[in-house]
*Asks:* 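Have a look at this one before I ask anything.
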Amino acid sequence: MKAARNGQPFLTDVEELRDRARASIDKGAVTPNYQGDVKQTIEILQSVLATEIVCVLRYTMNAVAATGISSDSVKEEFDEHAREEQEHARKVAERINQLGGTPNFNPEGLATRSASQYVEGGNLVEMIKENLIAERIACEHYRELIRYFADKDPTTRVMMEGILVNEEEHANDMHDLLVSHQGTPPLERK
Ligand SMILES: [Fe+2]
Ligand SMILES: [Fe+2]
(Lines give C-alpha, C1' and ligand atoms only; values in the text may rest on other atoms or scores of the structure.)
(Ligands and ions follow the chains in the order given, each with its own letter.)
Protein backbone atom coordinates (compact mmCIF):
# COMPACT_ATOMS: atom_id res chain seq x y z
CA MET A 1 0.00 0.00 0.00
CA LYS A 2 1.18 3.46 -0.78
CA ALA A 3 0.59 6.33 1.64
CA ALA A 4 -1.62 9.07 0.25
CA ARG A 5 -1.02 12.75 0.84
CA ASN A 6 -3.06 12.69 4.04
CA GLY A 7 -1.11 9.73 5.36
CA GLN A 8 -3.94 7.22 4.79
CA PRO A 9 -3.20 4.08 2.82
CA PHE A 10 -4.48 4.80 -0.65
CA LEU A 11 -3.80 3.36 -4.08
CA THR A 12 -1.36 0.57 -4.70
CA ASP A 13 1.77 1.68 -6.49
CA VAL A 14 1.46 1.23 -10.26
CA GLU A 15 4.76 -0.64 -10.47
CA GLU A 16 3.59 -3.06 -7.79
CA LEU A 17 0.29 -3.57 -9.61
CA ARG A 18 2.18 -4.38 -12.83
CA ASP A 19 4.53 -6.78 -11.09
CA ARG A 20 1.67 -8.60 -9.40
CA ALA A 21 -0.28 -8.83 -12.65
CA ARG A 22 2.76 -10.27 -14.41
CA ALA A 23 3.45 -12.77 -11.64
CA SER A 24 -0.02 -14.29 -11.74
CA ILE A 25 -1.25 -14.01 -15.31
CA ASP A 26 -2.65 -17.54 -15.11
CA LYS A 27 -5.34 -16.29 -12.72
CA GLY A 28 -7.08 -14.26 -15.43
CA ALA A 29 -9.34 -11.54 -14.06
CA VAL A 30 -8.93 -12.54 -10.40
CA THR A 31 -6.20 -10.25 -9.03
CA PRO A 32 -4.79 -10.21 -5.46
CA ASN A 33 -7.04 -7.37 -4.30
CA TYR A 34 -10.17 -9.37 -5.18
CA GLN A 35 -11.81 -9.34 -1.77
CA GLY A 36 -14.49 -11.91 -2.40
CA ASP A 37 -14.25 -15.63 -1.91
CA VAL A 38 -13.79 -16.76 -5.52
CA LYS A 39 -14.99 -20.30 -4.87
CA GLN A 40 -18.11 -19.09 -3.15
CA THR A 41 -18.80 -16.46 -5.84
CA ILE A 42 -18.60 -19.14 -8.53
CA GLU A 43 -20.93 -21.37 -6.53
CA ILE A 44 -23.46 -18.55 -6.11
CA LEU A 45 -23.26 -17.70 -9.81
CA GLN A 46 -23.84 -21.35 -10.76
CA SER A 47 -27.15 -21.14 -8.94
CA VAL A 48 -27.98 -17.83 -10.69
CA LEU A 49 -27.12 -19.48 -14.00
CA ALA A 50 -29.47 -22.38 -13.22
CA THR A 51 -32.21 -19.92 -12.24
CA GLU A 52 -31.83 -18.10 -15.56
CA ILE A 53 -31.84 -21.32 -17.60
CA VAL A 54 -35.02 -22.48 -15.86
CA CYS A 55 -36.57 -19.09 -16.73
CA VAL A 56 -35.57 -19.48 -20.39
CA LEU A 57 -37.18 -22.94 -20.48
CA ARG A 58 -40.39 -21.85 -18.75
CA TYR A 59 -40.92 -18.73 -20.86
CA THR A 60 -40.12 -20.60 -24.09
CA MET A 61 -42.53 -23.39 -23.20
CA ASN A 62 -45.20 -20.81 -22.29
CA ALA A 63 -44.68 -18.83 -25.52
CA VAL A 64 -45.33 -22.00 -27.51
CA ALA A 65 -48.18 -23.40 -25.41
CA ALA A 66 -50.16 -20.23 -24.63
CA THR A 67 -53.62 -20.36 -26.18
CA GLY A 68 -56.84 -18.42 -25.92
CA ILE A 69 -58.25 -15.03 -26.69
CA SER A 70 -55.63 -12.29 -26.93
CA SER A 71 -52.85 -14.80 -26.34
CA ASP A 72 -50.75 -13.38 -29.19
CA SER A 73 -49.54 -10.36 -27.26
CA VAL A 74 -48.85 -12.56 -24.23
CA LYS A 75 -46.87 -14.99 -26.38
CA GLU A 76 -44.79 -12.08 -27.64
CA GLU A 77 -44.12 -10.98 -24.09
CA PHE A 78 -43.11 -14.53 -23.07
CA ASP A 79 -40.78 -14.72 -26.08
CA GLU A 80 -39.15 -11.41 -25.26
CA HIS A 81 -38.60 -12.48 -21.66
CA ALA A 82 -37.14 -15.81 -22.80
CA ARG A 83 -34.62 -13.91 -24.95
CA GLU A 84 -33.68 -11.62 -22.08
CA GLU A 85 -33.29 -14.53 -19.64
CA GLN A 86 -31.01 -16.14 -22.20
CA GLU A 87 -28.88 -12.97 -22.22
CA HIS A 88 -28.73 -13.03 -18.42
CA ALA A 89 -27.63 -16.67 -18.47
CA ARG A 90 -24.91 -15.82 -20.98
CA LYS A 91 -23.59 -12.90 -18.91
CA VAL A 92 -23.50 -14.97 -15.72
CA ALA A 93 -21.75 -17.83 -17.54
CA GLU A 94 -19.13 -15.40 -18.90
CA ARG A 95 -18.50 -14.09 -15.38
CA ILE A 96 -18.07 -17.62 -14.00
CA ASN A 97 -15.55 -18.23 -16.75
CA GLN A 98 -13.71 -14.97 -15.97
CA LEU A 99 -13.41 -16.04 -12.34
CA GLY A 100 -11.80 -19.30 -13.41
CA GLY A 101 -14.84 -21.56 -13.10
CA THR A 102 -16.68 -23.69 -15.61
CA PRO A 103 -20.29 -22.62 -16.12
CA ASN A 104 -22.59 -25.50 -15.28
CA PHE A 105 -25.09 -26.06 -18.10
CA ASN A 106 -25.68 -29.68 -17.15
CA PRO A 107 -29.42 -30.43 -17.35
CA GLU A 108 -28.94 -32.97 -14.57
CA GLY A 109 -29.77 -31.31 -11.24
CA LEU A 110 -30.69 -28.04 -12.97
CA ALA A 111 -33.99 -27.64 -11.10
CA THR A 112 -32.35 -28.16 -7.71
CA ARG A 113 -29.59 -25.64 -8.44
CA SER A 114 -32.18 -23.05 -9.47
CA ALA A 115 -33.82 -20.60 -7.05
CA SER A 116 -37.03 -20.44 -9.09
CA GLN A 117 -39.11 -23.46 -10.02
CA TYR A 118 -40.23 -24.84 -13.33
CA VAL A 119 -44.03 -24.74 -13.12
CA GLU A 120 -45.83 -24.93 -16.45
CA GLY A 121 -49.25 -23.53 -15.60
CA GLY A 122 -52.32 -25.14 -17.16
CA ASN A 123 -53.82 -22.03 -18.76
CA LEU A 124 -52.83 -18.52 -19.72
CA VAL A 125 -53.61 -16.93 -16.36
CA GLU A 126 -51.79 -19.67 -14.46
CA MET A 127 -48.75 -19.28 -16.72
CA ILE A 128 -48.67 -15.55 -16.08
CA LYS A 129 -49.06 -16.16 -12.34
CA GLU A 130 -46.24 -18.72 -12.22
CA ASN A 131 -43.97 -16.36 -14.13
CA LEU A 132 -44.80 -13.53 -11.75
CA ILE A 133 -43.94 -15.77 -8.78
CA ALA A 134 -40.65 -16.81 -10.41
CA GLU A 135 -39.73 -13.20 -11.17
CA ARG A 136 -40.47 -12.13 -7.61
CA ILE A 137 -38.25 -14.94 -6.30
CA ALA A 138 -35.46 -13.86 -8.67
CA CYS A 139 -35.81 -10.20 -7.59
CA GLU A 140 -35.57 -11.09 -3.92
CA HIS A 141 -32.69 -13.49 -4.40
CA TYR A 142 -30.70 -11.06 -6.59
CA ARG A 143 -31.24 -8.14 -4.20
CA GLU A 144 -29.69 -10.25 -1.45
CA LEU A 145 -26.77 -11.19 -3.66
CA ILE A 146 -26.15 -7.55 -4.56
CA ARG A 147 -25.93 -6.74 -0.85
CA TYR A 148 -23.63 -9.73 -0.36
CA PHE A 149 -21.21 -8.78 -3.17
CA ALA A 150 -21.17 -5.10 -2.16
CA ASP A 151 -17.54 -3.95 -2.46
CA LYS A 152 -16.11 -7.46 -2.28
CA ASP A 153 -16.74 -7.98 -5.98
CA PRO A 154 -18.01 -4.79 -7.65
CA THR A 155 -17.98 -6.34 -11.15
CA THR A 156 -20.31 -9.16 -10.18
CA ARG A 157 -22.43 -6.75 -8.17
CA VAL A 158 -22.85 -4.34 -11.10
CA MET A 159 -23.75 -7.25 -13.38
CA MET A 160 -26.36 -8.46 -10.89
CA GLU A 161 -27.73 -4.92 -10.54
CA GLY A 162 -28.25 -4.76 -14.31
CA ILE A 163 -30.01 -8.12 -14.29
CA LEU A 164 -32.17 -7.08 -11.32
CA VAL A 165 -33.41 -3.98 -13.19
CA ASN A 166 -34.55 -6.33 -15.93
CA GLU A 167 -36.19 -8.81 -13.55
CA GLU A 168 -38.16 -6.02 -11.90
CA GLU A 169 -39.43 -5.01 -15.34
CA HIS A 170 -40.37 -8.64 -16.00
CA ALA A 171 -42.28 -8.84 -12.71
CA ASN A 172 -44.06 -5.62 -13.57
CA ASP A 173 -44.93 -6.89 -17.07
CA MET A 174 -46.35 -10.11 -15.62
CA HIS A 175 -48.34 -8.17 -13.04
CA ASP A 176 -49.83 -5.96 -15.78
CA LEU A 177 -50.74 -9.03 -17.84
CA LEU A 178 -52.30 -10.71 -14.82
CA VAL A 179 -54.45 -7.68 -14.11
CA SER A 180 -55.64 -7.41 -17.72
CA HIS A 181 -56.30 -11.15 -18.12
CA GLN A 182 -57.75 -11.87 -14.75
CA GLY A 183 -59.67 -8.66 -14.41
CA THR A 184 -58.54 -8.16 -10.83
CA PRO A 185 -58.03 -4.63 -9.61
CA PRO A 186 -54.37 -3.59 -9.25
CA LEU A 187 -52.71 -4.46 -5.97
CA GLU A 188 -53.09 -1.88 -3.28
CA ARG A 189 -50.33 0.66 -3.60
CA LYS A 190 -48.77 2.25 -0.58
FE1 LIG B 1 -33.20 -13.27 -15.76
FE1 LIG C 1 -36.96 -12.43 -15.56
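Keep in mind that the numbers below use all heavy atoms, side chains included, and drop hydrogens, waters and symmetry copies. Counting convention: from 1, in listed order, for ligands and their atoms alike.
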*Asks:* Determine, for Lys152 against Asp37, whether the closest basic-nitrogen to carboxylate-oxygen distance falls under 4.0 angstrom.
*Replies:*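 No salt bridge links Lys152 with Asp37.
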*Asks:* Does this structure show an ion pair linking Glu108 with Arg113, if we count only N-O contacts that are shorter than 4.0 Å?
*Replies:*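 A salt bridge is absent here (no side-chain N lies under 4.0 Å from a carboxylate O).
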*Asks:* Is Lys39 paired with Glu43 through a side-chain N to carboxylate O contact shorter than 4.0 Å?
*Replies:*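 Salt bridge: no.
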*Asks:* Provide the atom name of the closest N, O or S atom of His170 relative to the Fe ion (ligand 2).
*Replies:*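 That would be atom ND1.
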*Asks:* Only N/O/S atoms count here: what is the atom of Glu52 closest to the Fe ion (ligand 1) called?
*Replies:*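 Restricting Glu52 to its N, O and S atoms, the minimum distance to the Fe ion (ligand 1) goes to OE1.
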*Asks:* If you consider just the N/O/S atoms, which atom of Glu85 is the closest one to the Fe ion (ligand 1)?
*Replies:*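 Going by distance to the Fe ion (ligand 1), the closest N, O or S atom in Glu85 is OE1.
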*Asks:* Near the Fe ion (ligand 2), is there an N/O/S atom from Glu135 that is less than 2.8 Å away?
*Replies:*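 Checking the Fe ion (ligand 2) against Glu135, an N, O or S atom does fall under 2.8 Å.
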*Asks:* Can you tell me which N/O/S atom of Glu167 has the shortest distance to the Fe ion (ligand 1)?
*Replies:*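 Minimum-distance N/O/S atom of Glu167 relative to the Fe ion (ligand 1) is OE2.
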*Asks:* As a test of understanding, state which of Lys91, Arg95, Met160, His88 forms a side chain to side chain contact (heavy atoms under 4.5 Å, CB included) with Val48.
*Replies:*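 Per the side chain to side chain contact (heavy atoms under 4.5 Å, CB included) rule, the option paired with Val48 is Met160, out of Lys91, Arg95, Met160, His88.
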*Asks:* Quick one: CG on Asn62 to CE on Met127, what's the gap to the nearest 0.5 Å?
*Replies:*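 Answer rounded to 0.5 Å: 4.5 Å.
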*Asks:* Measure from the Fe ion (ligand 2) to each N, O or S atom of His88 and report whether any distance is below 2.8 Å.
*Replies:*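 It does not: His88 brings no N, O or S atom closer than 2.8 Å to the Fe ion (ligand 2).
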